Amino acid sequence: MNLKFSNKKISGILSIVPRHCVKFMDELDNYGFTKEKMLNLKKVMGFDERRIVEGNDCTSDLCLYGLEYLYKKGLLNKNDIGAIILVTQSPDHFIPPSSSIIHGKFGLAHDVLTFDINQGCTGYLYGLLQAFMLLQHLNNKKVILMNGDTLSRSTCPNDRNSYPLVGDAAAVTIVENSKQDDEVYVNIKTDGSRSDWLIIPAGGFRMPSTEETRKVKSLPDGNKRSAEHFHMNGPGTFTFTQTEVPMAIKEFFESVPTSIEEIDYFMFHQPNRFMLEKLAQKLGIPKEKMPSNIVEIFGNSSSATIPLAICHNINDLLQKKELKICMSGFGVGLSWGTMIIELGPLKFCDIIEK
Amino acid sequence: MNILLSICPECDFVESKDFIREGLLDSFDIITLVTRIEEEFNISIDGRDVRSEYFINLKTLEEFIRRYLIQHES
């Protein structure tokens with residue numbers, strides 16, 4: 001579905017990453033790979049370093065840390081907030097919503113709306129979409145969009161398909177109404193028939209947690225995980241990103257008054273370097289306009305990868321000037337989406353460590 | 001063959017009828033193989049063609065590379 005919004009803007013983005021850093025080459029014993037294979041994968045897939053939380057740190061803790069940071073710096077006024085949205089697949093609890101927990105800990109007014117959205121790779125676009133719709137009714141109040149996940153805690157350390165790339169992070173984005181009539185274009189698609197391609201099968205109500213579902217099992221392909229660990233259909237997902245995703249992006253550009261050549265930067269979800277480089281080739285986008293470096297530094301943190309890619313790669317530019325940005329997310333759901341937005345100058349665009 | 005042996009030096013690619021089913025190559029190895037083929041033959045492989053069915057044995061692999069070389073020349 002194609003949507004268009006006017007008079008909306010992002011005024012600041014802050015990414016929060018755990019201080020704890022793990023290195024792929026230190027995990028030789030996890031995966032049963034030879035050292036040569038580890039080095040190949042480091043080069044081809046971009047497996048190098050990533051940030052993961054320690055102990056029981058949750059997504060809400062990362063988000064709250066970001067909110068407190070902005071508040072102390074005078075970059076966020078609690079009285080300006082009309083709504084908070086948290087996009088996460090790693091909530092604190094099933095009940096209550098994690099956005100309520102953040103609302104309480106940050107000390108927000110009772111009139112502030114709170115939303116949890118369970119989404120992953122396309123989650124930044126979903127969150128922005130929700131924010132834009134809310135802003136139609138919030139006048140001069142702002143929406144605080146938070147994206148984050150701590151999927152390292154739900155991924156088996158011996159899962160060679162997933163653990164080498166999974167990272168934890170959060171992002172806080174301030175979204176508000178604007179007098180400028182720049183338009184935001186967005187398209188999001190879903191195919192729920194393949195919803196089991198990226199899944200944590202057990203631990204919810206469809207397959208409740210048992211001693212059996214918690215057992216880590218060896219699989220025919222040599223991999224290991226339990227039913228309560230994240231599972232990805234790697235080959236299927238890869239083919240999806242090389243067929244349906246570029247097709248949808250091309251169709252999207254045919255429907256908007258902006259060409260691919262007019263885009264300053266393509267800030268895409270960061271699954272791994274190889275997948276992104278192939279996607280860039282498919283779309284005819286020069287590598288320097290489409291960074292693919294987040295997995296090798298921070299890991300794949302699901303819906304936080306787009307804001308993290310922005311904060312890491314173009315933060316200096318965005319604090320000085322306006323850029324025409326194309327964002328794209330693809331994955332969990334399956335869902336895939338594209339957005340074109342004018343971004344900058346931003347009041348802040350940084351990465352902090354917790 | 002040198003490319004295959006650089007990925008799995010101890011594997012018998014000549015005798016194998018199915019590199020994937022026989023455990024000689026996994027999906028990561030296919031990605032490494034694609035990258036090495038691109039470098040060796042100076043070609044760019046479409047992401048849609050990074051599928052295990054093209055890398056099952058020496059015959060399918062040779063046909064795959066030949067197809068790309070012909071496209072590259074034309």
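For clarity, every value in this text was computed on a predicted model and none was experimentally measured. Numbered from 1 within each chain, the chains take letters A, B, ... in sequence-line order. We use all heavy atoms of the structure for the numbers below, so side chains are in, but hydrogens, waters and symmetry mates are not.
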Side chain, backbone, both or neither: which part of Met45(A) has an atom under 4.5 Å from a heavy atom of chain B?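 Just the side chain, heavy atoms under 4.5 Å.
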
For chain A, the option from [options] that forms the most heavy-atom pairs under 4.5 Å:
{"options": "Ile31(B), Thr35(B), Asp29(B)", "result": "Ile31(B)"}
{"options": "Ile20(B), Val50(B), Asp49(B)", "result": "Val50(B)"}
{"options": "Ser44(B), Ser52(B), Gly23(B), Ser27(B)", "result": "Ser44(B)"}

Are Thr32(B) and Phe274(A) side-chain neighbours, meaning at least one heavy-atom pair lies under 4.5 Å?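 No; the side chains remain at least 4.5 Å from each other.
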
Does Lys278(A) pair with Asp46(B) as a salt bridge, N-O distance under 4.0 Å?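 Between Asp46(B) and Lys278(A) there is no salt bridge, as every charged N stays at least 4.0 Å from the carboxylate O atoms.
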
Against chain A, label Arg51(B) side chain, backbone, both or neither, depending on which of its atoms sit under 4.5 Å from a heavy atom there.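 Interface part for Arg51(B): side chain.
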
Could you tell me which portion of Val34(B) (side chain, backbone, both or neither) has an atom closer than 4.5 angstrom to a non-hydrogen atom of chain A?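 Only the side chain of Val34(B) comes within 4.5 Å of chain A.
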
Look up atom CZ in Phe238(A) and atom CD1 in Ile30(B), then write down how far apart they are to the nearest 0.5 Å.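 Those atoms lie 10.5 Å apart.
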
Side chain to side chain contact (heavy atoms under 4.5 Å, CB included) evaluation trace for Arg36(B) with Val44(A): CA-CA 10 Å; Arg36(B) 296 261 170 96; Val44(A) 173; over 6 Å; no

At their closest point, which heavy atom of [X] faces which heavy atom of [Y], and how far apart are they?
{"X": "Glu39(B)", "Y": "Lys43(A)", "value": "OE2-NZ, 3.5 Å"}
{"X": "Ile45(B)", "Y": "Gln281(A)", "value": "O-OE1, 3.9 Å"}
{"X": "Gln242(A)", "Y": "Gly47(B)", "value": "OE1-CA, 3.3 Å"}

Hey, mind stepping through Arg160(A) and Asp26(B) against side chain to side chain contact (heavy atoms under 4.5 Å, CB included) and telling me if it holds? CA-CA 11 Å; Arg160(A) 49 174 76 168; Asp26(B) 62 22; 3.9 Å; yes

Check against side chain to side chain contact (heavy atoms under 4.5 Å, CB included), Phe28(B) and Phe47(A): CA-CA 12 Å; Phe28(B) 285 132; Phe47(A) 294 164; 4.1 Å; yes

Tell me whether the count of non-hydrogen atoms from other residues, nucleotides or ligands lying under 6.0 Å of CZ in Arg194(A) goes above 12.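 Counting other residues, nucleotides and ligands, CZ of Arg194(A) exceeds 12 neighbours.
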
Is the count of non-hydrogen atoms from other residues, nucleotides or ligands lying under 6.0 Å from Lys224(A) atom NZ greater than 12?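 Atom NZ in Lys224(A) is not crowded, with 12 or fewer foreign heavy atoms closer than 6.0 Å.
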
